[in-house]
Amino acid sequence: MESELERLRKKVENFPSASAYNRLAELVRLGGDNPGAEQVCRRCIKEFPRNGQAYVILAEIELANGRKDEAIKNLLTAVERDNRSYAAHRMLADHYIEIARPPQALQHLRQILTFKINDPAVLKKIEQITGKPPTASVIRQVTGGSNAVVPGRPAEPTPLANKIIPAADGLAGLCAEAGVRGALIADEKGRVVSSKRLSPEQEDILAALAGEIAKAAEQSLTAVGQERLSMWTIVAEQGQVLSFKREQSFSVVILAEPGVRPAMLEIRARQALIDLGTG
Amino acid sequence: MQEILNQLNRVRGVGGSLLVSSDGLPMASALREGIDEAQLAASIGSVIEHSLSLATHMKLGAQKHLHVASDQGSLLLMSAGNGYLVVVVDQQANLTLMQLETKPFLERIAQRLSL
């Protein structure tokens with residue numbers, strides 16, 4: 001039977017995706033082949049330069065090999081590419097603690113709290129550095145700005161940086177529909193622009209996998225001579241996920257109860273995109 | 001299996017059909033000329049892989065079907081035991097009706113695959 005490693009190798013050759021490269025790099029690394037894993041990461045970076053995870057894996061390999069300077073450089077690139085990379089922020093925080101630069105460490109730890117509110121490990125670390133638990137106002141302050149600047153890096157404008165929008169109001173009408181468990185709006189790179197009634201973990205998984213499904217779905221449609229994915233749905237026994245796309249940029253992804261009919265949700269989803277200024 | 005797909009293609013609104021394994025390998029095909037079945041099967045395999053992962057993480061249970069749509073038509077993916085039946089759906093087709101009409105074909109395919 002074909003091993004997972006072989007399957008992934010074939011996949012990155014024939015149908016490459018950032019997630020396939022990342023999984024392959026992790027598996028090669030677990031097999032003890034660090035140079036091989038590094039090569040996979042570098043190929044991933046070349047083909048998918050916006051993917052942050054490859055930089056994190058590369059940094060882990062470099063740290064294990066004592067190449068600390070290169071690792072830190074890659075971790076900074078990782079948070080620049082993906083400001084919600086938990087691993088990269090944690091590793092950078094540890095690095096700054098180690099070199100006795102607590103303000104920089106705190107900046108990275110607080111950045112984590114913007115997308116992983118009340119993460120026990122991060123709160124504990126902040127307490128260790130400051131000698132006191134983070135106050136509610138500190139947590140509110142960091143969580144209030146989901147597009148906070150990455151420490152040591154210029155602010156990256158978000159897709160909607162020039163629009164004045166209330167964070168999740170565009171989804172309020174959609175989430176008021178019966179049977180909707182939660183919804184989010186993501187950009188084409190899988191970054192969450194707005195979200196309602198979803199936990200941070202659900203947001204991350206939903207946005208990332210919805211992005212991968214959309215890419216593969218578009219390839220499938222192209223193969224049968226159709227263009228422009230407009231929607232996809234997964235209907236399962238205990239729920240469904242629906243995604244509606246507009247103008248090849250933003251998608252609304254909805255987590256709903258099994259019996260909900262997509263027609264009404266589509267109207268609400270398209271309205272949410274218009275409300276958000278992306279329509 | 002080929003005969004089942006040929007019969008399925010006679011259903012109104014069906015523009016072709018393909019049977020793929022869950023890892024994206026074509027098992028049988030009745031597609032229009034010019035469609036690269038290997039390319040379609042590979043991308044469908046990726047859709048299935050990521051959707052299964054999403055269903056697991058979101059605790060959605062077993063998948064019933066997937067639907068991928070564009071302005072020119074859509075693709076309907078239905079679990080058929082050890083494989084997936086992919087139906088190319090014309091733009092004007094009624095999806096609910098098509099799901100009902102494809103059900104007997106799906107059951108026959110699932111039965112054959114379980115042998």
Side-chain angles (χ1 to χ4, degrees), chain A residues 2 4 7-8 10-11 13-17 19-20 23 181-182 198 201-202 204-245 253 255-258 261-263 266, chain B residues 15-18 20-26 31-79 84 86-91 95-96 99:
Chain A
E2 192 178 43
E4 176 69 0
R7 195 184 69 78
L8 284 169
K10 279 184 193 166
K11 191 163 180 190
E13 287 304 325
N14 300 319
F15 194 72
S17 68
S19 63
R23 279 203 303 277
R181 295 177 188 165
L198 295 170
E201 290 80 9
Q202 281 180 318
D204 288 345
I205 292 166
L206 208 52
L209 287 173
E212 295 294 333
I213 291 169
K215 263 187 257 171
E218 269 175 11
Q219 298 254 9
S220 305
L221 289 170
T222 306
V224 295
Q226 297 179 17
E227 287 174 354
R228 286 197 180 182
L229 172 74
S230 58
M231 65 166 287
W232 57 260
T233 57
I234 298 170
V235 180
E237 281 175 354
Q238 287 149 39
Q240 55 181 324
V241 178
L242 308 95
S243 176
F244 301 96
K245 198 167 184 179
V253 186
L255 183 61
E257 299 294 335
R261 291 189 177 275
E266 180 170 7
Chain B
S17 52
L18 174 72
V20 293
S21 64
S22 53
D23 51 358
L25 295 171
L31 293 164
R32 269 195 295 251
E33 206 176 319
I35 296 177
D36 184 340
E37 71 171 49
Q39 190 192 347
L40 178 61
S43 53
I44 289 292
S46 190
V47 171
I48 293 166
E49 183 196 341
H50 292 303
S51 65
L52 286 173
S53 180
L54 187 58
T56 305
H57 282 106
M58 295 293 138
K59 298 181 176 65
L60 300 181
Q63 277 187 18
K64 288 181 181 171
H65 69 262
L66 289 96
H67 183 225
V68 171
S70 75
D71 294 338
Q72 298 99 43
S74 62
L75 294 169
L76 187 61
L77 285 72
M78 291 164 284
S79 174
Y84 277 80
V86 183
V87 179
V88 183
V89 183
D90 292 343
Q91 190 185 5
L95 198 66
T96 313
Q99 276 175 298

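Residue numbers start from 1 in every chain, and the chains themselves are labelled A, B, ... in the order their sequence lines are given, proteins ahead of strands.
The greatest number of non-hydrogen atom pairs below 4.5 Å with chain B, out of A:A217, A:A208, A:S17, is found for A:A217. Most heavy-atom pairs under 4.5 Å with chain A: of the set B:Q91, B:E37, B:Q72, B:H57, this distinction falls to B:Q72. Contact tally against chain A (heavy-atom pairs below 4.5 Å) for B:G15, B:G24, B:S53, B:A55: the top residue is B:S53. If you tally non-hydrogen atom pairs under 4.5 Å between each of B:D36, B:L75, B:V88 and chain A, the highest count goes to B:L75.
Looking only at side-chain heavy atoms (C-beta outward), A:S220 and B:V68 stay at 4.5 Å or farther from each other. At a threshold of 4.5 Å between non-hydrogen side-chain atoms, the residues B:H67 and A:P262 do not count as touching.
Here CD of B:E49 is found 9.5 Å from CG of A:L209. Values are rounded to the nearest 0.5 Å. Here the CD1-OG1 distance, from B:I35 to A:T222, works out to 12.0 Å after rounding to the nearest 0.5 Å.
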- Task: Report the C-alpha distance between B:S43 and A:Q219 in whole Å, list the side-chain angles of each, state the deciding distance to 0.1 Å, and finish with yes or no for side-chain hydrogen bond (donor to acceptor under 3.5 Å, both in side chains).
- Result: CA-CA 6 Å; B:S43 53; A:Q219 298 254 9; 5.9 Å; no
- Task: Go through the steps to decide whether B:S46 and A:K215 satisfy the test side-chain contact (heavy atoms from CB on, under 4.5 Å), and finish with yes or no.
- Result: CA-CA 9 Å; B:S46 190; A:K215 263 187 257 171; over 6 Å; no
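The parts of A:L206 that come within reach of chain B are both its backbone and its side chain, each placing non-hydrogen atoms under 4.5 angstrom from that chain. In this structure, the portions of A:I205 lying under 4.5 Å from any heavy atom of chain B include both its backbone and its side chain. With a 4.5 Å cut-off on non-hydrogen atoms, B:S79 does not touch chain A at all. A:Q240 touches chain B through its backbone: at least one of N, CA, C or O sits under 4.5 Å from a heavy atom, while the side chain does not.
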What pairs of donor and acceptor atoms, side-chain ones from residues 231-238 of chain A against any protein atom, are under 3.5 angstrom apart with sequence neighbours left out?
none

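Contact between B:V89 and A:Q226 at its shortest, heavy atoms only, is O-NE2, 4.2 Å.
No side-chain donor-acceptor contact under 3.5 Å links A:Q202 to the backbone of B:M58.
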